[in-house]
J.: 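First the structure, which I've put down as C-alpha coordinates, then a few questions once you've had a look.
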Protein chains: 2
Amino acid sequence: MQVKNIKTDEKAEMRSDCPISSSLDIFGDKWSLLIVRDLMLYKTRTYGDFTKSAEKIATNILANRLQLLEDNGIITKLPYPGNKVKGLYRLSPKGADLIPVLIELAIWGGKYISNSDECSPFLKEVKKNKSKFLKKVMLNLLQEDENNRD
Amino acid sequence: MQVKNIKTDEKAEMRSDCPISSSLDIFGDKWSLLIVRDLMLYKTRTYGDFTKSAEKIATNILANRLQLLEDNGIITKLPYPGNKVKGLYRLSPKGADLIPVLIELAIWGGKYISNSDECSPFLKEVKKNKSKFLKKVMLNLLQEDENNRD
DNA sequence: GTTTTTTACTTGCATATTAAAAGTAATTAT
DNA sequence: ATAATTACTTTTAATATGCAAGTAAAAAAC
(Lines give C-alpha, C1' and ligand atoms only; values in the text may rest on other atoms or scores of the structure.)
Protein backbone atom coordinates (compact mmCIF):
# COMPACT_ATOMS: atom_id res chain seq x y z
CA MET A 1 0.00 0.00 0.00
CA GLN A 2 1.68 3.22 -1.14
CA VAL A 3 -0.80 5.69 0.26
CA LYS A 4 -1.13 4.64 3.84
CA ASN A 5 -4.60 4.41 5.25
CA ILE A 6 -4.48 6.04 8.64
CA LYS A 7 -7.71 4.31 9.71
CA THR A 8 -5.78 1.08 10.17
CA ASP A 9 -3.14 2.96 12.16
CA GLU A 10 -3.66 3.11 15.87
CA LYS A 11 -1.51 6.06 16.86
CA ALA A 12 -2.65 9.60 16.11
CA GLU A 13 0.82 11.05 16.22
CA MET A 14 0.87 14.64 17.37
CA ARG A 15 4.13 16.52 17.24
CA SER A 16 3.31 18.74 20.19
CA ASP A 17 0.41 20.16 22.19
CA CYS A 18 0.45 23.44 20.29
CA PRO A 19 -2.98 23.96 18.69
CA ILE A 20 -1.40 25.32 15.51
CA SER A 21 0.90 22.35 15.21
CA SER A 22 -1.91 19.91 15.95
CA SER A 23 -4.10 21.50 13.30
CA LEU A 24 -1.29 21.15 10.78
CA ASP A 25 -0.85 17.52 11.83
CA ILE A 26 -4.32 16.94 10.39
CA PHE A 27 -4.54 19.18 7.33
CA GLY A 28 -1.04 20.60 6.87
CA ASP A 29 -0.59 19.60 3.25
CA LYS A 30 -1.35 20.97 -0.20
CA TRP A 31 -4.67 19.21 -0.72
CA SER A 32 -6.81 18.78 2.41
CA LEU A 33 -7.91 22.39 2.70
CA LEU A 34 -8.75 22.50 -1.01
CA ILE A 35 -11.24 19.71 -0.43
CA VAL A 36 -12.70 21.72 2.44
CA ARG A 37 -12.77 24.81 0.22
CA ASP A 38 -14.70 22.95 -2.49
CA LEU A 39 -17.28 21.77 0.04
CA MET A 40 -17.53 25.23 1.52
CA LEU A 41 -17.65 27.52 -1.48
CA TYR A 42 -18.73 25.35 -4.38
CA LYS A 43 -21.27 22.66 -5.10
CA THR A 44 -18.65 19.96 -4.97
CA ARG A 45 -20.22 17.00 -3.19
CA THR A 46 -19.18 13.77 -4.92
CA TYR A 47 -15.87 12.07 -5.62
CA GLY A 48 -16.19 12.91 -9.28
CA ASP A 49 -16.87 16.57 -8.50
CA PHE A 50 -13.55 16.82 -6.63
CA THR A 51 -11.59 15.40 -9.55
CA LYS A 52 -12.98 18.18 -11.72
CA SER A 53 -11.70 21.15 -9.72
CA ALA A 54 -8.99 23.40 -11.10
CA GLU A 55 -6.02 21.91 -9.23
CA LYS A 56 -6.49 18.42 -10.70
CA ILE A 57 -5.94 16.23 -7.67
CA ALA A 58 -4.79 12.67 -8.38
CA THR A 59 -7.46 10.11 -7.58
CA ASN A 60 -5.37 8.15 -5.09
CA ILE A 61 -4.53 11.31 -3.16
CA LEU A 62 -8.19 12.33 -3.25
CA ALA A 63 -9.35 8.98 -1.85
CA ASN A 64 -6.68 9.17 0.85
CA ARG A 65 -7.55 12.73 1.88
CA LEU A 66 -11.30 12.13 1.93
CA GLN A 67 -10.69 9.17 4.24
CA LEU A 68 -8.33 11.20 6.45
CA LEU A 69 -10.75 14.11 6.69
CA GLU A 70 -13.57 11.71 7.51
CA ASP A 71 -11.45 9.93 10.14
CA ASN A 72 -10.77 13.30 11.72
CA GLY A 73 -14.45 14.26 11.75
CA ILE A 74 -14.07 17.16 9.35
CA ILE A 75 -16.25 15.71 6.62
CA THR A 76 -18.98 13.07 6.57
CA LYS A 77 -19.89 10.65 3.82
CA LEU A 78 -23.59 10.04 3.26
CA PRO A 79 -25.32 7.84 0.73
CA TYR A 80 -26.28 9.80 -2.37
CA PRO A 81 -30.09 9.88 -2.61
CA GLY A 82 -31.28 7.64 -5.43
CA ASN A 83 -27.84 6.38 -6.42
CA LYS A 84 -26.10 3.46 -4.74
CA VAL A 85 -22.68 4.05 -6.24
CA LYS A 86 -22.27 7.73 -5.47
CA GLY A 87 -21.38 9.14 -2.09
CA LEU A 88 -22.37 12.55 -0.79
CA TYR A 89 -19.61 14.34 1.04
CA ARG A 90 -20.52 17.10 3.48
CA LEU A 91 -18.69 19.34 5.91
CA SER A 92 -19.32 18.50 9.55
CA PRO A 93 -19.70 21.36 12.06
CA LYS A 94 -16.03 20.78 12.89
CA GLY A 95 -15.20 21.22 9.22
CA ALA A 96 -17.46 24.25 8.87
CA ASP A 97 -15.48 25.86 11.67
CA LEU A 98 -12.54 25.97 9.28
CA ILE A 99 -14.27 28.76 7.35
CA PRO A 100 -12.31 31.50 9.19
CA VAL A 101 -9.02 29.77 8.37
CA LEU A 102 -9.91 29.60 4.69
CA ILE A 103 -11.09 33.21 4.70
CA GLU A 104 -7.77 34.41 6.09
CA LEU A 105 -5.85 32.24 3.64
CA ALA A 106 -7.85 33.73 0.79
CA ILE A 107 -7.29 37.28 1.99
CA TRP A 108 -3.54 36.72 2.31
CA GLY A 109 -3.32 35.06 -1.09
CA GLY A 110 -5.43 37.80 -2.64
CA LYS A 111 -3.13 40.45 -1.22
CA TYR A 112 0.21 38.88 -2.11
CA ILE A 113 -0.36 36.68 -5.11
CA SER A 114 -1.16 38.35 -8.40
CA ASN A 115 -4.08 37.31 -10.57
CA SER A 116 -5.85 35.53 -7.76
CA ASP A 117 -8.20 38.44 -7.15
CA GLU A 118 -10.35 38.19 -10.21
CA CYS A 119 -10.31 34.40 -10.22
CA SER A 120 -11.98 33.98 -6.88
CA PRO A 121 -15.52 35.33 -7.10
CA PHE A 122 -15.80 35.27 -3.32
CA LEU A 123 -12.77 37.37 -2.50
CA LYS A 124 -14.43 40.70 -3.16
CA GLU A 125 -17.37 39.75 -1.00
CA VAL A 126 -15.07 38.55 1.77
CA LYS A 127 -13.06 41.74 1.76
CA LYS A 128 -16.14 43.91 1.79
CA ASN A 129 -17.58 42.29 4.90
CA LYS A 130 -15.77 39.38 6.42
CA SER A 131 -18.19 38.44 9.20
CA LYS A 132 -21.19 38.78 6.91
CA PHE A 133 -19.58 36.42 4.44
CA LEU A 134 -18.77 33.96 7.20
CA LYS A 135 -22.36 33.95 8.40
CA LYS A 136 -23.68 33.51 4.89
CA VAL A 137 -21.48 30.50 4.16
CA MET A 138 -22.27 28.95 7.54
CA LEU A 139 -25.99 29.45 6.91
CA ASN A 140 -25.78 27.84 3.48
CA LEU A 141 -24.14 24.78 4.97
CA LEU A 142 -26.76 24.53 7.70
CA GLN A 143 -29.62 24.78 5.22
CA GLU A 144 -28.09 22.08 3.04
CA ASP A 145 -27.78 20.02 6.20
CA GLU A 146 -31.49 20.30 6.87
CA ASN A 147 -32.38 19.39 3.32
CA ASN A 148 -30.37 16.21 3.72
CA ARG A 149 -32.11 14.86 6.81
CA ASP A 150 -33.87 11.95 4.97
CA MET B 1 20.31 16.90 -3.83
CA GLN B 2 17.39 15.39 -1.96
CA VAL B 3 15.82 18.55 -0.66
CA LYS B 4 15.40 20.63 -3.75
CA ASN B 5 16.41 24.26 -3.55
CA ILE B 6 13.68 26.21 -5.26
CA LYS B 7 15.93 29.24 -5.66
CA THR B 8 17.74 27.47 -8.48
CA ASP B 9 14.41 26.52 -10.00
CA GLU B 10 12.96 28.91 -12.53
CA LYS B 11 9.31 27.98 -12.50
CA ALA B 12 7.10 29.02 -9.62
CA GLU B 13 4.53 26.35 -10.26
CA MET B 14 1.04 27.40 -9.23
CA ARG B 15 -1.71 24.85 -9.37
CA SER B 16 -4.42 27.39 -10.08
CA ASP B 17 -5.29 31.06 -9.66
CA CYS B 18 -7.28 30.45 -6.50
CA PRO B 19 -5.77 32.52 -3.67
CA ILE B 20 -6.25 29.68 -1.19
CA SER B 21 -4.54 27.22 -3.48
CA SER B 22 -1.71 29.64 -4.22
CA SER B 23 -1.15 30.25 -0.53
CA LEU B 24 -0.94 26.52 0.06
CA ASP B 25 1.50 26.24 -2.85
CA ILE B 26 3.89 28.30 -0.71
CA PHE B 27 3.33 27.12 2.86
CA GLY B 28 0.97 24.15 2.58
CA ASP B 29 3.07 21.71 4.56
CA LYS B 30 3.57 20.66 8.16
CA TRP B 31 6.53 22.93 8.94
CA SER B 32 6.47 26.34 7.23
CA LEU B 33 3.76 27.88 9.40
CA LEU B 34 5.46 26.59 12.54
CA ILE B 35 8.52 28.63 11.60
CA VAL B 36 6.26 31.63 11.11
CA ARG B 37 4.60 30.90 14.47
CA ASP B 38 7.95 30.81 16.25
CA LEU B 39 8.93 34.16 14.77
CA MET B 40 5.54 35.61 15.60
CA LEU B 41 4.87 34.39 19.12
CA TYR B 42 8.24 33.45 20.55
CA LYS B 43 11.75 34.84 20.66
CA THR B 44 12.93 32.37 18.07
CA ARG B 45 15.31 34.26 15.78
CA THR B 46 18.28 32.02 14.92
CA TYR B 47 18.69 28.66 13.22
CA GLY B 48 19.55 27.07 16.54
CA ASP B 49 16.45 28.54 18.18
CA PHE B 50 14.24 26.84 15.60
CA THR B 51 15.83 23.44 16.22
CA LYS B 52 14.91 23.78 19.89
CA SER B 53 11.15 24.19 19.50
CA ALA B 54 8.78 21.47 20.64
CA GLU B 55 8.14 19.82 17.27
CA LYS B 56 11.80 18.93 16.68
CA ILE B 57 12.21 19.84 13.04
CA ALA B 58 15.02 18.03 11.21
CA THR B 59 17.87 20.36 10.30
CA ASN B 60 17.73 19.69 6.57
CA ILE B 61 14.01 20.46 6.48
CA LEU B 62 14.61 23.59 8.55
CA ALA B 63 17.29 24.86 6.18
CA ASN B 64 15.06 24.14 3.20
CA ARG B 65 12.00 25.87 4.69
CA LEU B 66 13.93 28.93 5.81
CA GLN B 67 15.25 29.30 2.26
CA LEU B 68 11.79 28.78 0.78
CA LEU B 69 10.20 31.32 3.11
CA GLU B 70 12.97 33.78 2.32
CA ASP B 71 12.59 33.20 -1.42
CA ASN B 72 8.89 33.93 -1.06
CA GLY B 73 9.48 37.13 0.87
CA ILE B 74 7.86 35.91 4.07
CA ILE B 75 10.99 36.07 6.19
CA THR B 76 14.27 37.97 5.91
CA LYS B 77 17.73 36.91 7.03
CA LEU B 78 19.89 39.61 8.59
CA PRO B 79 23.40 39.36 10.00
CA TYR B 80 23.35 38.76 13.73
CA PRO B 81 24.86 41.80 15.48
CA GLY B 82 28.27 40.95 16.88
CA ASN B 83 28.39 37.38 15.58
CA LYS B 84 29.55 36.41 12.11
CA VAL B 85 28.27 32.86 12.16
CA LYS B 86 24.73 33.45 13.36
CA GLY B 87 21.90 34.74 11.24
CA LEU B 88 18.93 36.74 12.47
CA TYR B 89 15.64 35.68 10.96
CA ARG B 90 12.72 38.09 10.99
CA LEU B 91 9.18 38.18 9.66
CA SER B 92 8.69 40.56 6.74
CA PRO B 93 5.45 42.58 6.53
CA LYS B 94 4.20 39.90 4.14
CA GLY B 95 4.96 37.30 6.78
CA ALA B 96 3.42 39.38 9.55
CA ASP B 97 0.21 39.44 7.54
CA LEU B 98 -0.04 35.72 8.21
CA ILE B 99 -0.94 36.48 11.84
CA PRO B 100 -4.71 36.20 11.16
CA VAL B 101 -4.20 32.79 9.54
CA LEU B 102 -2.26 31.53 12.55
CA ILE B 103 -4.82 32.98 14.94
CA GLU B 104 -7.65 31.12 13.23
CA LEU B 105 -5.61 27.92 13.12
CA ALA B 106 -4.93 28.24 16.84
CA ILE B 107 -8.60 28.88 17.63
CA TRP B 108 -9.69 25.86 15.61
CA GLY B 109 -7.05 23.64 17.16
CA GLY B 110 -7.91 24.93 20.61
CA LYS B 111 -11.56 24.10 20.07
CA TYR B 112 -11.20 20.65 18.56
CA ILE B 113 -7.94 19.22 19.84
CA SER B 114 -7.75 18.31 23.50
CA ASN B 115 -4.90 19.47 25.72
CA SER B 116 -3.86 22.22 23.38
CA ASP B 117 -5.60 24.87 25.42
CA GLU B 118 -3.35 25.02 28.44
CA CYS B 119 -0.20 24.49 26.40
CA SER B 120 -0.55 27.61 24.33
CA PRO B 121 -0.24 30.62 26.61
CA PHE B 122 -1.58 32.88 23.88
CA LEU B 123 -4.79 31.05 23.17
CA LYS B 124 -6.70 32.50 26.12
CA GLU B 125 -5.65 35.99 25.15
CA VAL B 126 -6.62 35.40 21.53
CA LYS B 127 -10.04 34.13 22.46
CA LYS B 128 -10.69 36.99 24.84
CA ASN B 129 -10.01 39.66 22.23
CA LYS B 130 -8.88 38.59 18.80
CA SER B 131 -8.26 41.97 17.20
CA LYS B 132 -6.51 43.30 20.29
CA PHE B 133 -4.17 40.32 20.23
CA LEU B 134 -3.52 40.82 16.52
CA LYS B 135 -2.61 44.45 17.05
CA LYS B 136 -0.34 43.61 19.95
CA VAL B 137 1.61 40.99 18.01
CA MET B 138 1.88 43.28 14.99
CA LEU B 139 3.15 46.11 17.19
CA ASN B 140 5.76 43.87 18.81
CA LEU B 141 7.09 42.91 15.41
CA LEU B 142 7.22 46.53 14.28
CA GLN B 143 9.10 47.62 17.38
CA GLU B 144 11.63 44.83 16.96
CA ASP B 145 11.98 46.01 13.40
CA GLU B 146 12.88 49.49 14.49
CA ASN B 147 15.40 48.20 17.02
CA ASN B 148 17.13 46.36 14.20
CA ARG B 149 17.67 49.32 11.91
CA ASP B 150 21.47 49.55 12.58
C1' DG C 1 -31.62 -7.98 -21.07
C1' DT C 2 -27.29 -7.31 -22.81
C1' DT C 3 -23.85 -3.88 -23.81
C1' DT C 4 -21.93 0.50 -22.66
C1' DT C 5 -20.98 4.08 -19.59
C1' DT C 6 -20.52 6.20 -15.27
C1' DT C 7 -18.77 6.27 -10.71
C1' DA C 8 -15.70 5.47 -7.10
C1' DC C 9 -12.17 3.88 -6.09
C1' DT C 10 -7.32 0.73 -6.12
C1' DT C 11 -2.83 -0.69 -7.90
C1' DG C 12 1.84 -0.37 -9.82
C1' DC C 13 5.61 2.16 -10.60
C1' DA C 14 8.83 6.08 -11.05
C1' DT C 15 10.07 10.07 -8.80
C1' DA C 16 10.16 13.35 -4.97
C1' DT C 17 10.05 14.43 -0.19
C1' DT C 18 10.93 13.49 4.62
C1' DA C 19 13.39 11.95 8.74
C1' DA C 20 17.30 10.64 11.34
C1' DA C 21 22.00 10.58 11.91
C1' DA C 22 26.39 11.90 10.91
C1' DG C 23 29.63 15.10 8.87
C1' DT C 24 31.75 19.75 7.85
C1' DA C 25 33.53 24.32 8.03
C1' DA C 26 33.67 28.74 10.05
C1' DT C 27 33.61 31.17 13.99
C1' DT C 28 33.56 31.88 19.12
C1' DA C 29 34.57 30.72 23.89
C1' DT C 30 37.88 28.70 27.23
C1' DA D 1 45.77 25.98 21.26
C1' DT D 2 41.69 23.36 22.15
C1' DA D 3 37.00 22.69 22.64
C1' DA D 4 32.49 24.00 21.79
C1' DT D 5 28.85 26.52 19.02
C1' DT D 6 26.50 27.49 15.06
C1' DA D 7 24.65 26.83 10.68
C1' DC D 8 24.26 24.17 7.59
C1' DT D 9 25.11 19.73 4.10
C1' DT D 10 25.27 14.91 3.05
C1' DT D 11 23.94 10.16 3.25
C1' DT D 12 20.68 6.67 3.44
C1' DA D 13 16.23 4.63 4.30
C1' DA D 14 11.42 5.22 4.75
C1' DT D 15 7.29 7.59 3.01
C1' DA D 16 4.49 10.26 0.06
C1' DT D 17 3.23 11.93 -4.45
C1' DG D 18 1.83 11.91 -9.31
C1' DC D 19 0.56 9.59 -13.25
C1' DA D 20 -1.45 5.97 -15.81
C1' DA D 21 -3.95 2.05 -15.89
C1' DG D 22 -7.09 -1.30 -13.87
C1' DT D 23 -11.38 -2.96 -11.39
C1' DA D 24 -15.98 -3.75 -9.73
C1' DA D 25 -20.57 -2.29 -8.97
C1' DA D 26 -24.40 0.17 -10.45
C1' DA D 27 -26.85 2.96 -13.91
C1' DA D 28 -28.11 4.21 -18.51
C1' DA D 29 -28.61 3.16 -23.29
C1' DC D 30 -30.04 0.32 -26.74
Side-chain angles (χ1 to χ4, degrees), chain A residues 1-9 11 13-16 21 24-32 34-35 38 44-71 75 77-89, chain B residues 1-9 11 13-16 21 24-32 34-35 38 44-71 75-90:
Chain A
M1 197 196 292
Q2 326 90 287
V3 173
K4 185 157 56 165
N5 187 343
I6 293 285
K7 200 166 200 173
T8 58
D9 264 359
K11 58 177 176 188
E13 75 283 6
M14 262 170 50
R15 290 172 294 170
S16 77
S21 163
L24 295 174
D25 284 338
I26 296 173
F27 50 74
D29 67 83
K30 298 213 186 305
W31 294 109
S32 298
L34 293 187
I35 291 175
D38 287 348
T44 312
R45 298 293 177 270
T46 68
Y47 190 92
D49 291 343
F50 288 110
T51 66
K52 291 182 191 86
S53 52
E55 294 85 7
K56 299 270 161 267
I57 188 169
T59 57
N60 54 344
I61 305 294
L62 174 59
N64 174 256
R65 292 307 190 280
L66 288 171
Q67 186 66 60
L68 240 42
L69 289 171
E70 201 186 350
D71 292 346
I75 65 175
K77 188 184 183 179
L78 302 171
Y80 194 99
N83 189 315
K84 282 171 194 164
V85 73
K86 283 186 177 182
L88 184 70
Y89 291 98
Chain B
M1 197 196 293
Q2 325 90 286
V3 172
K4 188 159 51 169
N5 187 345
I6 292 285
K7 201 166 202 172
T8 58
D9 263 359
K11 57 176 176 187
E13 74 283 6
M14 263 170 48
R15 289 172 295 171
S16 78
S21 163
L24 295 175
D25 284 338
I26 296 174
F27 50 75
D29 67 81
K30 298 214 187 300
W31 295 108
S32 298
L34 294 187
I35 291 175
D38 286 348
T44 313
R45 296 294 177 269
T46 69
Y47 190 93
D49 291 343
F50 288 111
T51 65
K52 290 182 192 86
S53 53
E55 294 84 8
K56 299 269 161 266
I57 188 170
T59 57
N60 55 345
I61 304 295
L62 174 59
N64 173 257
R65 292 306 191 281
L66 287 171
Q67 185 66 60
L68 240 43
L69 289 171
E70 201 186 350
D71 292 348
I75 66 176
T76 52
K77 187 185 182 176
L78 303 170
Y80 194 98
N83 189 313
K84 283 170 191 162
V85 71
K86 284 186 176 182
L88 184 70
Y89 291 98
R90 316 273 339 281

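Chain letters run A, B, ... following the sequence lines, proteins first and then strands; every chain starts at 1. Worth knowing before you read on, the calculation uses all heavy atoms, side chains too, and leaves out hydrogens, waters and symmetry mates.
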J.: With a 3.5 Å cut-off and just heavy-atom distances, do the side chain of B:Thr59 and the base of D:dT9 make a donor-acceptor pair?
T.: yes
J.: Please classify the nucleic acid contact of A:Tyr89 as base, sugar-phosphate, or nothing, using heavy-atom distances under 4.0 Å.
T.: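 Sugar-phosphate contact only.
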J.: Name the nucleic acid region contacted by B:Thr51, choosing base, sugar-phosphate or nothing; use a 4.0 angstrom heavy-atom cut-off, strictly under.
T.: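 No contact at all - B:Thr51 keeps every heavy atom at 4.0 Å or more from the nucleic acid.
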J.: For the pair made of NZ in B:Lys56 and P in C:dA20, what is the distance, rounded to whole Å?
T.: 11 Å
J.: Heavy-atom nearest nucleotide on DNA chain D for B:Asp49 versus A:Gly82: which residue maps closer to 5'?
T.: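 Its nearest nucleotide being more 5', the pick is B:Asp49.
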J.: Closest to the A:Tyr47 side chain: D:dA27, D:dT9, C:dC9?
T.: C:dC9
J.: Could you work out which one of C:dT27, C:dT7, C:dT11 sits closest to the side chain of A:Lys86?
T.: C:dT7
J.: Contact class for A:Lys77 vs. all strands (heavy atom < 4.0 Å): base, sugar-phosphate, or nothing?
T.: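 Sugar-phosphate, no base atom in range.
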J.: Does some side-chain heavy atom of A:Lys77 sit less than 4.5 Å from a side-chain heavy atom of A:Leu66?
T.: no
J.: Is it true that B:Asp29 and A:Lys30 have a side-chain N and a carboxylate O under 4.0 angstrom from each other?
T.: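 No.
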J.: Using only modelled atom types and a 3.5 angstrom limit, is any donor from either the side chain of A:Asp29 or the base of D:dA16 paired with an acceptor on the other?
T.: no
J.: Figure out the CD1/P separation between B:Ile57 and C:dT18, and round it to whole Å.
T.: 10 Å
J.: Using whole Å, what does the distance between atom P of nucleotide C:dT5 and atom CG of A:Asn83 come to?
T.: 18 Å
J.: Taking CG from B:Leu34 and P from C:dA19, how many angstroms apart are they, rounded to a whole number?
T.: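 My rounded result for the distance is 11 Å.
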J.: Does any part of the side chain of A:Ile35, heavy atoms only, come nearer than 4.5 Å to the side chain of A:Leu62, both counted from C-beta?
T.: yes
J.: Rounded to whole Å, please give me the gap between CG in B:Leu62 and P in C:dA21.
T.: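 B:Leu62 atom CG is separated from C:dA21 atom P by 17 Å.
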J.: From C:dT28, C:dT11, D:dT9, pick the nucleotide closest to the side chain of B:Ala63?
T.: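 Nucleotide nearest to B:Ala63's side chain: D:dT9.
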J.: Is the shortest side-chain heavy-atom distance between A:Thr59 and A:Tyr47 below 4.5 Å?
T.: yes
